[in-house]
Protein chains: 2
Amino acid sequence: MSTSSDSKTGKPGATVREKIRAQYAALTQSERKFANALLANYPAAGLASITIVAASADVSTPTVARMVQKLGYKGYPQFHRALLRELEATVSGPTQRRANWASEVPATHLLNRFVTAIGQNIEQTLSNIDTTQFDEAVQVLADTDRRLYLVGGRITRALAEYAFTHFQAVRQRITHMTSSSATWPHYLLDMEAGDVLLMFDVRRYETNLQRLAELAAERGVHVILITDQWASPVATVAKHTFHCWVEIPSAWDSNISTMMLLETLIAAVQEENWPETRARYERLDEIFDAARLFGK
Amino acid sequence: MSTSSDSKTGKPGATVREKIRAQYAALTQSERKFANALLANYPAAGLASITIVAASADVSTPTVARMVQKLGYKGYPQFHRALLRELEATVSGPTQRRANWASEVPATHLLNRFVTAIGQNIEQTLSNIDTTQFDEAVQVLADTDRRLYLVGGRITRALAEYAFTHFQAVRQRITHMTSSSATWPHYLLDMEAGDVLLMFDVRRYETNLQRLAELAAERGVHVILITDQWASPVATVAKHTFHCWVEIPSAWDSNISTMMLLETLIAAVQEENWPETRARYERLDEIFDAARLFGK
DNA sequence: ACCCTACTGAATAAATCTTTTCACAACGGC
DNA sequence: GCCGTTGTGAAAAGATTTATTCAGTAGGGT
């Protein structure tokens, strides 16, 4: 469908938004700055004069002028008119309220049903988090005197993996326990009282994980559990439990809210000890740069 | 606060529409002509230059200038700004609804700042998805005549992993290309024209992935790219590209919107061929049950 | 018919916006 | 490290817009 010439100038009838998307790769840094500002407040952020619009995106007027030409408009006034025509069409259309979304995604489209469900899940999850518990868990996770173990179930293994990659950038002494439960006894052997086990367990709950949590708890390990709204049996031995709403119109469960909680935990741990984290990031960058040269 | 002039010009905070209604009796014939044109196409008919706006209402510019002063604005530019602010408020309506997610969590708490950012990312991502492209990509991903390869970068490997686990439940002939690029040539060897490569690449973009995408594309492989708002260089060879907004108040990028897009794709592929998928889920359950007995 | 008042838009001057040019800065390749 | 390329914004020239003035016109009252 999409030909190469389209990607240069965009279809004549395309919306400004579409044109920006089509051209995004070809935009320079400042131009993207403006593009982002416009997309973030579309179309209002493009309906003032070029001077004002440029100033509020914190770029110069020539940058805006150049960009609209890249998008295929002869000049700023033409671009302005295009936005206005779009606005006119949108407002006179039936779905005035959700103009921003509805303009491109029909309400009945799977995308929209899905995002609505996810929004509800996030809302539910958030309103069921006890900030005190959250802050406590963050303290524990940020404490490098404790070794941190990560483990997930069949589906949530990917989340544990994600957690591992990010926590690795933030702190040391982390272990991702592979999913194969056959190897778990070896890890248990090394766990000490005070160590932390961050565990993901959503339905269908796995007996293996429960057994692991029990054994760890017996050894004085601090178990933090991220589970679903119905709560894994692991909750009985966990010191901190977080519930994530996961239902979506589908045969399986969504892990968006789970991931949201995870990312927030990571961000909080990172903030907890920012100077050290920052130093780690810098060193990490250096090493990646070195590795890149390596590969060449 | 309320002066006698308010009764003439309307309350300071009133919308332009309200001000026009309030002043309508005091307007002259030509001014009403313009007022009607504006109300009929609100607010677009007031967002161009005074010259254009006057011409399309078939009145003179002084008429418009006089009228906006009657409404209480110092001049046309101020009137223009007022309309723009209204538009902004309308369009950002759904965003403000997100503020209610806050529930009990204090507004300044990291959780809240984070969730707000994520909400914006999801919204941005959604409004930048072309449903046609989305539907096309789903068709391709659901086609089991094509072999499906999955690959991610350093961070997004976990997403590829997640995609693999779920796609496995939905369809056959899938391969998760491990992150170690040393093994990629073997996979490339087996790729045929028409096969699909679903690739995750968010900044910092990896040269390896770009090279892989190029080689695959040369062999006629259909590359589907999930990237960030700044677009990975892979986009140039990808048949379908999806942009996910990933910025959060943190040193790293959020992959919530990425994951949302992924889950939606999986759900769509699943719906595409529901009877078969359902049968697979049932058999999968049986096998898990059998495996459970196994382990005891 | 006459005047008076209020309204309207052509014309204009001032202000603002738009575009282009150009010099400098940042980056990547050699 | 150097050089060519590319990106960026200050500045100025050119175009447009805005506000005002003012002459002409329409309508209502006497």
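Excluded from the calculations below are hydrogen atoms, water molecules and symmetry mates; all remaining heavy atoms, backbone and side chain alike, are included.
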Expressed in angstrom and rounded to an integer, what is the separation of [X] atom [atom1] from [N] atom [atom2]?
X: A:Lys70; N: D:dT8; atom1: NZ; atom2: C1'; answer: 12 Å
X: B:Tyr73; N: D:dA19; atom1: OH; atom2: C1'; answer: 18 Å
X: A:Lys33; N: D:dT8; atom1: NZ; atom2: P; answer: 9 Å
X: B:Arg81; N: C:dT16; atom1: CZ; atom2: P; answer: 10 Å
X: A:Tyr76; N: C:dT18; atom1: OH; atom2: P; answer: 6 Å
X: A:Phe34; N: D:dG9; atom1: CZ; atom2: P; answer: 13 Å
X: A:Gln29; N: D:dG7; atom1: CD; atom2: C1'; answer: 9 Å
X: B:Phe79; N: D:dT18; atom1: CZ; atom2: P; answer: 11 Å

Listing, residues 195-203 of chain B side-chain donor-acceptor contacts under 3.5 Å, not counting sequence neighbours, or none:
| residue | atom | partner | partner atom | Å |
| --- | --- | --- | --- | --- |
| B:Asp195 | OD1 | B:Arg147 | N | 3.1 |
| B:Asp195 | OD2 | B:Glu192 | N | 2.9 |
| B:Asp201 | OD2 | B:Ser232 | OG | 2.8 |
| B:Arg203 | NE | B:Asp253 | OD2 | 2.8 |
| B:Arg203 | NH2 | B:Asp253 | OD1 | 3.1 |

Within less than 4.0 Å of OP1 or OP2 of [N], is there a side-chain N or O belonging to [X]?
X: B:Ser60; N: C:dG9; value: yes
X: B:Thr63; N: C:dT8; value: no
X: B:Gln78; N: D:dT18; value: no
X: A:Ser30; N: D:dG7; value: no
X: A:Ser49; N: C:dC17; value: yes

Which one, [options], comes nearest to the side chain of [X]?
X: B:Ile50; options: D:dA10, D:dA19, C:dT19; value: D:dA19
X: A:Val59; options: D:dA19, D:dG9, C:dT20; value: D:dG9
X: B:Arg66; options: C:dT8, D:dG7, D:dT17; value: C:dT8

Open item on the list: Students often mix this up, so state it plainly: with edges at 30° and 60°, are the rings of B:Phe114 and B:Trp252 parallel, tilted or perpendicular?
Closed with: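 Rings of B:Phe114 and B:Trp252: tilted, as their planes differ by 30° to 60°.
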Task: Geometric class of the A:Tyr76/A:Phe79 ring pair [parallel <30°, tilted 30-60°, perpendicular >60°] - done: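 Geometry flag for A:Tyr76 against A:Phe79: tilted rings.
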Task: Derivation and outcome, side-chain hydrogen bond (donor to acceptor under 3.5 Å, both in side chains), residues B:Thr63 and B:Ser30 - done: CA-CA 7 Å; B:Thr63 300; B:Ser30 306; 4.8 Å; no
- [ ] Answer yes or no: is there an ion pair linking A:Arg85 with A:Glu88, defined by an N-O contact shorter than 4.0 Å?
- [x]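 So A:Arg85 does not pair with A:Glu88 through a salt bridge.
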Open item on the list: By the 4.0 Å heavy-atom rule, please label B:Thr51 as base, sugar-phosphate, or nothing.
Closed with: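 Here B:Thr51 touches the bases of the nucleic acid.
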